[in-house]
Amino acid sequence: MATISIAVPGTPPSRYDVVVEPGALSRLGALVTAAAPAARYAVLADERVAGLYGDAACAAIARAGARVDLVPFAAGEARKTVATWAELCDALVQLGVGRDGCVIALGGGVAGDVAGFVAATYLRGVDFVQVPTTLLAMVDASVGGKTGVDTAGGKNLVGAFHQPRLVVADPEVLASLPEAELRAGLAEAVKHGVIADAAYLDRIVRDAGAILRRDAAALGAVVARSVEIKAEVVAADPREAGRRAVLNFGHTIGHALEMLSGYTLPHGYAVATGMVAEAAIGEAAGVTAPGTAAAIEEALRSLEVPTAWPEWAAPDAVLAQCRRDKKVRAGQVRYSLVARPGEAARTAEGAWTHEVPDAVAAEALAPLVRATPPRLRGM
């Protein structure tokens, strides 16, 4: 078992624990009622996760003597919308959940984002708890307090910062995770190593066999170290005013690819491709050490995470979509770049994002496009 405490400055400041523990789902009630006491709990989960773990989660909470309801919704990134947010808010009204209630986000990143946004806005804000069931959500999406939904214009353009009262990550639930989703989560773990800890990146590569076999100890170590890295960054910059931008490495290109695919490209795969692409852009801009893109690609390949540029993604269309990214300033795309594996790059002025002209980015992407095989495994 590992417990990582996250202190978030603000008015008032907040603190919450991330519990990484095999079997934690079975004692969810004791954990939740201690960290976020409430008159009643609403477990929000997509229909697939509700079928797998909804009853177990609710039973654990009921055993702690609490009142609890399961609220399922349609699965998929395409349902991470304002419409779904409204449906879930209306469902809480129908259940009679008040300001003394608590929302529990059970599932992957979509569930965490949507349920968190519901909690941030329902009755102007109620407590919530994250219970991630995918590796991607455990190592990344469930930590940091960013919630939101997608719009026709792009990913996560509507949302709020709303810190959870508790995060409970049970590595045992990863046994039911499809292979593609496991590899997608590993992409975010690699990202944490690339931006902050070269030794951690090396360890992930070294333990690739055990990780892919879903060894509980190996997966638990990945979750715990990734959470530690993200916790340190979030504590220093809870509202993404500066350093927290390093967590977006790979995401400017990655989000554009997701959007252009109609969200058929999994987030982790998009980020994997985005990391290789943005490292290449950084090399072309003179920010990133030569060979970094190749090193990242090799690390991802060892974990069987696909990184090839999608054959349907025209670079000009991708760069046009990037101009809708939240980091755009005065119409100029700003990228979170790395200096080398294990170290994020800052500008000479100390900024954590870098302006790169589209012409430079397009030139860097051209070799990736030419190297695209005719058929992409997993895409």
[X] side-chain N/O to [Y] backbone N/O, donor-acceptor pair under 3.5 Å:
X      : Y      : result
Glu278 : Gly250 : yes
Asn156 : Gly148 : no
Arg183 : Glu304 : yes
Gln130 : Leu166 : no
Asp46  : Ala75  : no
Thr307 : Glu297 : no
Lys191 : Leu247 : yes
Thr252 : Cys322 : no
Arg63  : Ser26  : yes
Asp237 : Arg244 : yes

Inter-residue atom distance [X].[atom1] - [Y].[atom2], 0.5 Å rounding:
X      : Y      : atom1 : atom2 : answer
Asp140 : Glu188 : CG    : CD    : 4.0 Å
Asp197 : Glu232 : CG    : CD    : 10.0 Å
Leu319 : Asp358 : CG    : CG    : 5.0 Å
Arg225 : Ile204 : CZ    : CD1   : 10.0 Å
His354 : Ile281 : NE2   : CD1   : 12.0 Å
Met259 : Leu265 : CE    : CG    : 13.5 Å

I'd like to know if [Y] and [X] are part of one continuous hydrophobic network [Ile/Leu/Val/Met/Phe/Trp/Tyr, side-chain heavy atoms within less than 4.5 Å].
X      : Y      : result
Ile211 : Val205 : no
Leu136 : Ile195 : no
Val333 : Leu157 : no
Leu52  : Phe73  : no
Trp352 : Phe161 : no

Closest non-hydrogen atom pair between [X] and [Y], with its separation:
X      : Y      : result
Ser302 : Ala299 : OG-O, 2.6 Å
Thr273 : Pro306 : OG1-O, 4.2 Å
Ala295 : Pro341 : CB-CG, 4.4 Å
Arg48  : Ser176 : NH2-O, 3.4 Å
Glu363 : Pro367 : O-CD, 3.3 Å
Ala57  : Leu28  : CB-CD2, 3.9 Å

### Query
Checking side chain to side chain contact (heavy atoms under 4.5 Å, CB included) for the pair Lys146/Val234: CA distance, chi angles, key distance, verdict?
CA-CA 10 Å; Lys146 288 171 72 171; Val234 168; over 6 Å; no

### Message
Any carboxylate oxygen within less than 4.0 angstrom of a Lys/Arg side-chain nitrogen, looking at Glu87 and Arg79?
### Response
yes

### Task
Using a strict cut-off of less than 4.0 Å between a Lys/Arg side-chain nitrogen and an Asp/Glu carboxylate oxygen, indicate whether Glu179 and Arg214 qualify as a salt bridge.
yes

Ignoring hydrogens and geometry beyond distance, is a side-chain donor-acceptor pair present between [X] and [Y] at under 3.5 Å?
X      : Y      : value
Ser5   : Tyr16  : no
Asp17  : Thr3   : no
Tyr200 : Ser226 : yes

Table please: side-chain donor-acceptor pairs of residues 37-45 below 3.5 Å, with sequence neighbours left out.
{"from": "Arg40", "atom 1": "NH1", "to": "Leu95", "atom 2": "O", "distance (Å)": "2.7"}
{"from": "Arg40", "atom 1": "NH2", "to": "Asp69", "atom 2": "OD2", "distance (Å)": "2.6"}
{"from": "Arg40", "atom 1": "NH2", "to": "Leu95", "atom 2": "O", "distance (Å)": "3.4"}
{"from": "Tyr41", "atom 1": "OH", "to": "Ala36", "atom 2": "O", "distance (Å)": "2.8"}
{"from": "Tyr41", "atom 1": "OH", "to": "Ala38", "atom 2": "N", "distance (Å)": "3.1"}

Side chains of [X] and [Y], heavy atoms from C-beta outward: is any pair under 4.5 Å?
X      : Y      : answer
Ser336 : Val246 : no
Leu177 : Leu135 : yes
His267 : His251 : yes
Arg15  : Ile6   : no
Phe249 : Val194 : yes
Thr84  : Val149 : no
Thr347 : Thr353 : no
Met138 : Val173 : yes

### Task
For Arg346, look at atom CZ and say whether over 12 heavy atoms of other residues, nucleotides or ligands are found less than 6.0 Å away.
yes

### Query
Does CZ belonging to Arg67 count more than 12 external heavy atoms closer than 6.0 Å?
no

For residues 100-129, run the donor-acceptor check on the side chains, cut-off 3.5 Å, and write out each pair with its distance to 0.1 Å, sequence neighbours left out.
{"from": "Asp113", "atom 1": "OD2", "to": "Lys80", "atom 2": "NZ", "distance (Å)": "2.8"}
{"from": "Thr121", "atom 1": "OG1", "to": "Trp85", "atom 2": "NE1", "distance (Å)": "2.8"}
{"from": "Thr121", "atom 1": "OG1", "to": "Phe117", "atom 2": "O", "distance (Å)": "2.6"}
{"from": "Thr121", "atom 1": "OG1", "to": "Val118", "atom 2": "O", "distance (Å)": "3.4"}
{"from": "Tyr122", "atom 1": "OH", "to": "Leu92", "atom 2": "O", "distance (Å)": "3.4"}
{"from": "Tyr122", "atom 1": "OH", "to": "Val97", "atom 2": "O", "distance (Å)": "2.6"}
{"from": "Asp127", "atom 1": "OD2", "to": "Arg165", "atom 2": "NH1", "distance (Å)": "2.6"}

### Query
Do Lys155 and Tyr263 pass the side chain to side chain contact (heavy atoms under 4.5 Å, CB included) test, and can you show the C-alpha distance, the side-chain angles, and the key distance before you say yes or no?
CA-CA 10 Å; Lys155 273 182 65 73; Tyr263 299 112; 3.3 Å; yes

### Query
Given Ile253 and Val318, is the side chain to side chain contact (heavy atoms under 4.5 Å, CB included) satisfied, shown in steps?
CA-CA 7 Å; Ile253 295 290; Val318 172; 4.0 Å; yes

### Query
Step by step, would you call Leu88 with Val71 a side chain to side chain contact (heavy atoms under 4.5 Å, CB included)?
CA-CA 8 Å; Leu88 292 173; Val71 183; 3.8 Å; yes

### Message
List the residues meeting side chain to side chain contact (heavy atoms under 4.5 Å, CB included) with Asp202, not counting sequence neighbours, and say none if there are none.
### Response
none

